Structure formats: structure tokens, C-alpha cells
Amino acid sequence: MSIIRDPLLAPEGRMKINWVKEHMPVLGKLAGEYARTKPLAGLRVAICLHLEAKTAYMAEVFRDCGAEVAITGSNPLSTQDDVAAALAGEGITVYAWYNATAEEYESHLQKTLETEPHLIIDDGGDLTAMLHTRFAYLLPQVRGGAEETTTGLNRLRAMADKKALKIPVMAVNDAYCKYLFDNRYGTGQSVWDGIMRATNLLVAGKNVVVAGYGWCGKGVAMRARGLGARVIVCEVDPVRAMEAVMDGNVVIPLLEACRYGDIFVTVTGCKDVMTEAHFLEMKDGAIICNAGHFDVEIDKEALMRLADEHFQARRNVEAFRIKGKNIYLLASGRLVNLAAADGHPAEIMDLSFALQVEALLYLNNNYGSLKNEVLPLPRAIDEKVARYKLEAMGITIDRLSEEQLQYLRSWETGTGGEA
Ligand code: ADE
């Protein structure tokens with residue numbers, strides 16, 4: 001039995017799922033293929049992801065592959081109750097609701113694992129960590145997992161280093177068709193979607209500070225420039241900092257940037273990025289938000305401690321009055337693109353979730369022969385997903401001739417012809 005907020009919300013959720021389905025042709029093509037062959041018949045799949053419409057559609061694809069599916073949310077503020085309700089009416093077991101407390105969040109994950117899955121999909125590593133601790137008795141039957149995010153992979157690699165990882169995990173985040181598009185263009189767009197929906201303010205002419213210049217940070221900075229902002233990037237990695245400079249950003253330390261910034265976005269994956277010292281430097285009216293997986297980048301306790309007054313300024317906007325200045329925190333410091341908007345665009349999640357489907361099928365097809373490690377997705381999967389996407393977009397590309405292939409595989413021909 002599903003645990004959801006309100007089954008009566010299902011019609012609204014169904015509309016959302018139908019809308020994204022129209023814009024996810026790669027997933028649609030895979031669904032068509034696998035609905036006939038049922039490659040996961042008799043297996044149970046457990047999913048812990050941001051429970052919004054695109055995720056719901058993927059869960060339905062797994063159901064159509066023949067699997068029994070149980071799903072929970074990977075963040076208390078990203079679950080959409082109407083989508084959860086729609087999914088629960090479709091033969092999928094849902095354990096999630098918006099704004100779950102820490103205890104409820106944990107119990108929803110627990111319920112999901114109680115379905116005794118053979119395959120899991122995770123976003124951030126919480127489900128995988130719980131599987132390896134409280135549900136370790138299930139490990140012998142679990143054929144593998146697939147991880148969606150950089151943060152999740154960091155955690156899993158730490159587990160693998162300590163020999164604590166007991167299942168093979170596909171690093172979906174590291175596939176080209178994931179990070180080049182989802183992390184960069186997906187985050188780039190959805191973060192600004194969240195900030196604009198939350199604030200209804202102008203970006204043009206503002207100073208935007210982006211902390212972290214990984215693939216997500218690059219996307220956030222790129223789109224800020226496109227919206228007419230002046231962009232400051234703060235980094236700890238010298239190579240990424242150089243890249244930010246070459247891309248035309250101003251690069252300075254975060255504490256210094258606090259004097260100039262109008263809008264701040266943390267997207268580092270690390271904790272304690274913005275702390276008391278930073279808040280005290282900020283201008284009146286500064287807007288701060290986070291796009292990293294966990295809500296550990298902005299020190300919310302320090303904001304509470306420093307604030308003489310704390311009030312809700314708008315939905316998803318909290319005001320902290322500190323020494324006569326207002327600082328506005330969006331979405332409680334949780335992922336602003338999912339808590340204040342709907343996550344990445346459907347066309348982007350089409351790629352990411354097609355990779356997830358292929359990753360689980362790969363794990364299942366290779367059951368018994370994979371090491372309990374964090375494994376790269378085979379290049380062939382990346383290429384299949386990219387080809388399907390290009391095809392759906394009506395884009396054709398060139399092919400190498402036999403002679404060209406021979407040439408690329410040879411070493412004899414150099415500067416003066418044949419050696
Ligand atoms: N929608 C579902 N999962 C998501 C993710 N990891 N990032 C952005 N949007 C999403």
C-alpha cells in the first residue's frame with residue numbers, strides 16, 4: 001500500500017506526467033521496445049529520486065519492463081504530492097510526500113527497501129547507504145544499483161575505498177549523456193527557473209556569485225551571463241578556477257564576493273560553503289540559494305543565530321534580518337531547482353533517465369559477472385542514447401568511411417605519408 005499525501009490530487013499529477021511524456025522521446029522509444037520483451041519480468045526495482053513528473057514517467061517505464069516498482073523521494077522538498085498520487089494509482093508503490101520530516105523521510109526509504117528489491121536507483125546515496133546498514137541482509141539478492149548524482153558517487157566511492165560497497169553500482173552521473181547535458185544545461189536552466197519563480201525578480205544587471213565551477217556550476221554561470229548578469233565565480237580547484245577565468249567570469253574568493261553579490265548560488269557538493277563570516281559581509285537584500293545535492297552548503301543555523309528577525313517573505317523565500325540588513329534564503333537552502341521549480345527540463349531528463357533504464361538492464365544482463373565497485377557506463381550505452389535523441393530531434397550526422405576507420409586504427413601514415 002502506498003503512503004502518499006492525498007489520492008485526490010491524482011488528476012493534476014497525471015496531467016504533469018502526460019506533458020513530460022510528450023517531451024521524452026528516447027524514454028518513449030525504450031519503453032516501446034521493452035514493453036514487448038519485458039526484460040525485468042519477475043524483478044523488483046526500488047527507486048529513490050526526486051519524485052516529480054519525469055521521474056514518475058521513468059518509474060512507469062520500469063513497470064512496463066515487467067518490474068514491480070517501489071519509489072520514494074530523494075529530498076523532502078522535491079516530492080510533488082499530485083505526481084505521487086497519480087503514480088500510486090498506476091500499480092506503482094509510492095512512499096513519499098512533500099515536506100516530510102527527517103523521521104518520515106527515513107521511514108519512506110525504509111518502506112521502499114522493505115519491498116526487497118533486486119535492483120535500485122539512487123540520487124544522493126541515501127538508499128544505498130541504508131541498504132548496506134539496516135538492510136544488509138538483502139545484499140546477496142541485490143543485482144546492482146545506479147547512481148544519479150556527483151554527491152552520490154562521492155559517497156559510493158568512499159564506501160568502495162573502505163571495501164564497504166557490496167553491490168556493483170553504475171555511475172550514471174559520469175556518462176557523457178548525463179553530465180554534459182543534465183549537469184550543465186539542465187542545472188543551468190532549472191536553477192534560474194527556481195530562483196525566478198521564488199523571487200519574481202530581475203536577473204539582468206545583477207551581480208551573480210556562483211560558488212563551485214563543476215559541470216553544474218558552469219551551467220549556472222553560463223545561464224546567468226545569458227540573462228544579463230555580471231558573474232563572479234568562486235573556486236577551490238585551480239584548474240576549474242582557470243576555466244572560469246577563460247570563460248569570462250571574475251574569479252575571487254567567496255568572502256570578497258560577498259561585498260558585491262546580489263544573488264548567490266552554492267553548487268559545490270561540499271559543506272559549510274557560506275557561513276557566518278559571509279553573511280556579515282553581504283549587502284542588504286542579498287539572495288542566497290543552493291543547487292548542491294544536500295542542504296549543507298549554506299549554514300542555516302548561523303543565519304538563525306545571527307538574525308534579529310526571521311520571517312517568510314514569499315513562498316520559498318525566508319528573510320533573515322541581520323544587523324539592519326535583510327538576507328533572503330530560498331527553498332530552505334535545499335536544491336532550489338527542485339524545491340522552488342520542477343527540476344530539469346523534460347528533454348534533459350529524457351537523456352538521464354534513458355541512461356538509468358539502460359544501466360539497470362546492463363546490471364541485470366551481467367548479473368554475477370560484475371565487481372562490487374563503482375562502474376562506468378559502457379560507451380555503447382552513451383552512444384545509443386545520443387543516437388536515439390538525435391533521431392528524435394530529426395538530426396542526422398556523418399559516418400566514417402571504411403578507409404577513414406582504417407586510418408584511425410593505424411599508425412603507419414605520418415607527416416610524409418607511409419613510414
Ligand atoms: N528531476 C528528477 N530528478 C532530477 C534531478 N536529479 N535533477 C533535476 N531534476 C530532476
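First listed ligand is number 1; within each ligand, the first listed atom is number 1. Predicted model, so just to flag it, every value in this text is computed and none were measured. Residues take their numbers from the sequence shown, with the count starting at 1.
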(request) Assign the ring pair W97 / H108 to parallel, tilted or perpendicular, where the plane angle (0 to 90°) is split at 30° and 60°. (result) perpendicular
(request) Decide whether S78 and H50 meet the rule of one side-chain donor and one side-chain acceptor closer than 3.5 Å. (result) yes
(message) Given R155, which partner from the list D122, D126, T128 fulfils the side-chain hydrogen bond (donor to acceptor under 3.5 Å, both in side chains) test?
(response) D126
(request) Please check if atom CD in E301 has more than 12 non-hydrogen atoms from other residues, nucleotides or ligands closer than 6.0 Å. (result) no
(message) Using side-chain heavy atoms (C-beta onward) and a distance below 4.5 Å, is V209 in contact with Y260?
(response) no
(message) For ligand 1, give me the residues whose heavy-atom distance to it is below 4.0 Å, by chain and number please.
(response) H50, E52, T55, D123, E148, L338, G343, H344, M349, F353
(message) I'd like to know if the side chain of H23 pairs up with that of D350 as donor and acceptor (distance under 3.5 Å, no hydrogens or angles considered).
(response) no
